[in-house]
Number of protein chains: 2
Amino acid sequence: MPKIPLPVAARLPLYYEYVLDIEKSGIASVSSNMIAGHLGFTPSTIRQDMMSLGRLDSSASGYSISSLKAALEELLGISRGANMALVGIGSLGLALAHSRLFMEKNFILRALFDKRSDIIGSVIDGIPVYPMDAMTEVILSERITIGIISTPPSSAQDVADALATSNIRGIWNFTPVALKVPGHVRVENVNVLPSLFKLSLLMKSDEKD
Amino acid sequence: MPKIPLPVAARLPLYYEYVLDIEKSGIASVSSNMIAGHLGFTPSTIRQDMMSLGRLDSSASGYSISSLKAALEELLGISRGANMALVGIGSLGLALAHSRLFMEKNFILRALFDKRSDIIGSVIDGIPVYPMDAMTEVILSERITIGIISTPPSSAQDVADALATSNIRGIWNFTPVALKVPGHVRVENVNVLPSLFKLSLLMKSDEKD
DNA sequence: TAGATTGTTAATCGATTAACAATC
DNA sequence: TAGATTGTTAATCGATTAACAATC
């Protein structure tokens, strides 16, 4: 199994979006030069990255779109997909539940959990809302491998503990809490504040021009 | 003006959260060793980064919390803050409008824009909803420098054009569209899908253990 | 074949880490 | 002073870029 360096892994989603784009236009292959020009890297970087992807069909007209797409879908987990559960139906949780973004990539939201009894038993966008204590059972029966945490920060660790107990394999954490989890659970944190700070930093550097 | 390398800039928000944490506990200074231990870097990296921040008060017990906090608030734009406008009140826009996350950091949402006439004129969480054609006027009168785009992808470029015309200085883009903007406008994109792919990649690497 | 592009090795660049004298 | 930590220079590491022979 090829071990993908982190800087390369960060570029894979960009490659994938680009591949989908040009696939639509009916072109059958793409060169490192074209990718580099479009995404703002050097052709050298692209070629080095392509080597990390394993064997691709390539020729003097570049890499075949179909083999590139297949390799990326395999690596990014799109080809196999995953079942997900979301815990905490606040305004962020609702926005995530409504989003078609991951659904389109085969990451399917199968279950919602909340502690508010007035919404338990209801169905949001086709997804049932369960009580918190049904977590272990539902995660098992729906073969859920990823848990999304969008609760208030104060409940985040408790929810992470419950998910870990339910044998979840990955946690997508939308709270600003540094979760403690057992070794078999992977955590990926989503934090938008650093991105706003970066924008602020960029704008500031414009000022003295 | 110190030019901050990107890898350093990416760590600044982490330092800031940590500084707020220990400030609460009443401790007056922190060593590179403590920061490194808590955030998972080496003390060397921390000290190099501190040098990028400019002159800090330091001693044999470490860096003074107050000078470190002040330097970070200055660099991250927290001390001066900014006024923001949000365009596109879907479920994501609502979640952002409800969030206290940036408000606490002096990034204040002053205006919401949408094209749906049934909500124009209403007030959401204390923030007025304006029609799209009031954009230039409101951005000027409220001294707004950052525009948030949370519309459907199909409208994103039109909104970016309108914001640029209104002399906005930064765009915080929550759509997956690669926006084209004039040189005086900075764009920062927020994309959660790469983060989900990264989680998927991590989980996959667990599998063959 | 001729032209273009890959695959791969070597060179460069920049970031991280180590080491230690200077400072508090 | 003695102990601890910074500030800074040098060494290491890894990622990006350049170069070019091999391939289509």
Side-chain angles (χ1 to χ4, degrees), chain A residues 2-15 18-19 22-23 25 27-72 75 194 198 201 205, chain B residues 2-15 18-19 22-23 25 27-72 75 194 198 201 205:
Chain A
K3 172 84 161 292
I4 311 258
L6 208 66
V8 180
R11 285 189 288 268
L12 298 188
L14 303 175
Y15 295 153
Y18 181 57
V19 162
I22 53 177
E23 190 190 38
S25 68
I27 297 170
S29 64
V30 64
S31 70
S32 55
N33 247 295
M34 289 166 69
I35 303 178
H38 196 266
L39 297 178
F41 305 112
T42 65
S44 249
T45 299
I46 306 296
R47 287 203 293 280
Q48 293 280 18
D49 286 1
M50 292 304 142
M51 291 306 99
S52 304
L53 299 190
R55 280 293 156 248
L56 297 173
D57 295 346
S58 64
S59 71
S61 54
Y63 303 94
S64 104
I65 293 291
S66 62
S67 75
L68 183 48
K69 186 185 173 197
L72 288 167
L75 278 165
K198 191 175 155 207
L201 224 57
S205 73
Chain B
K3 174 84 161 293
I4 310 258
L6 208 67
V8 180
R11 285 189 288 268
L12 298 187
L14 304 175
Y15 295 153
Y18 181 57
V19 163
I22 53 176
E23 190 189 37
S25 67
I27 297 171
S29 64
V30 64
S31 70
S32 55
N33 247 294
M34 289 167 69
I35 303 177
H38 196 265
L39 298 178
F41 304 112
T42 65
S44 249
T45 298
I46 306 295
R47 287 202 294 279
Q48 294 280 18
D49 287 1
M50 292 302 142
M51 291 307 99
S52 305
L53 298 191
R55 280 293 156 250
L56 297 174
D57 295 347
S58 65
S59 70
S61 54
Y63 302 94
S64 103
I65 293 291
S66 62
S67 76
L68 183 48
K69 185 185 173 197
L72 288 167
L75 278 166
K198 191 176 156 207
L201 223 59
S205 73

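Naming convention: chains lettered A, B, ... in sequence-line order (proteins, then strands); numbering from 1 in each chain.
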Item to check | Separation of atom CG in A:Asn33 from atom P in D:dT17, rounded to whole Å | outcome: 13 Å
Item to check | Stem regions touching DNA chain C, defined by at least 3 consecutive Watson-Crick or wobble G-U pairs below 3.5 angstrom | outcome: C:3-24 with D:3-24
Checklist entry - If every non-hydrogen atom of B:Ser67 is compared with every non-hydrogen atom of B:Leu56, which pair is closest and at what distance? => result O-CD2, 3.7 Å
Checklist entry - Whole Å only: how far is the CG atom of B:Leu53 from the P atom of D:dG7? => result 11 Å
Item to check | Rounded interatomic separation in angstrom, taking CE from A:Met51 and P from C:dG7 | outcome: 4 Å
Item to check | Whole angstrom value for the distance that separates P of D:dT5 from CD1 of B:Ile27 | outcome: 13 Å
Next on the checklist: If you define the side chain from C-beta out and look only at heavy atoms, does anything of B:Leu75 sit under 4.5 Å from B:Leu53?
Outcome noted: yes
Under 3.5 Å, sequence neighbours excluded: what are the donor-acceptor pairs made by side chains of residues 4-11 of chain A?
residue : atom : partner : partner atom : Å
A:Arg11 : NE   : A:Asp49 : OD2          : 2.6
A:Arg11 : NH2  : A:Asp49 : OD1          : 3.1
A:Arg11 : NH2  : A:Asp49 : OD2          : 3.2

Checklist entry - Taking protein heavy atoms under 4.0 Å as touching, what does nucleotides 9-14 of chain D look like 5' to 3' if B marks base contact, S marks sugar-phosphate-only contact and - marks none? => result BB----
Next on the checklist: What is the distance, to the nearest angstrom, from the CE atom on A:Met50 to the C1' atom on C:dG7?
Outcome noted: 13 Å
Item to check | d(CG, B:Leu6; P, D:dT16) in whole Å | outcome: 12 Å
Checklist entry - Do any of residues 56-69 of chain A sit with a heavy atom less than 4.0 Å from DNA chain D, and if so which? => result A:Ser59, A:Ala60
Checklist entry - Rounded to the nearest 0.5 Å, how far does CZ of B:Arg47 lie from OH of B:Tyr63? => result 6.5 Å
Checklist entry - Of all residues at least two apart in sequence or in a different chain, which pass the side chain to side chain contact (heavy atoms under 4.5 Å, CB included) check with A:Ile46? => result A:Tyr15, A:Ser32, A:Ile35, A:Ala36, A:Phe41, A:Met50
Item to check | Test item: A:Tyr18 and A:Leu14 side chains (from C-beta on) under 4.5 Å apart, heavy atoms | outcome: no
Checklist outcome for this item: In whole angstroms, the gap separating P of D:dT6 from CG of B:Asp49 amounts to 13 Å
Item to check | Residue-level proximity of residues 38-47 of chain A to DNA chain D when a heavy atom falls under 4.0 Å | outcome: A:Thr42, A:Ser44, A:Thr45, A:Arg47
Checklist entry - Does the side chain of A:Ser61 pick up a donor-acceptor pair with the side chain of A:Ser59 at under 3.5 Å? => result yes
Checklist entry - Roughly how far, to the nearest 0.5 Å, is CD1 of B:Ile65 from CD1 of B:Ile27? => result 7.5 Å
Next on the checklist: Is A:Arg55 close enough to C:dT6 that one of its side-chain N or O atoms is under 4.0 Å from OP1 or OP2 there?
Outcome noted: no
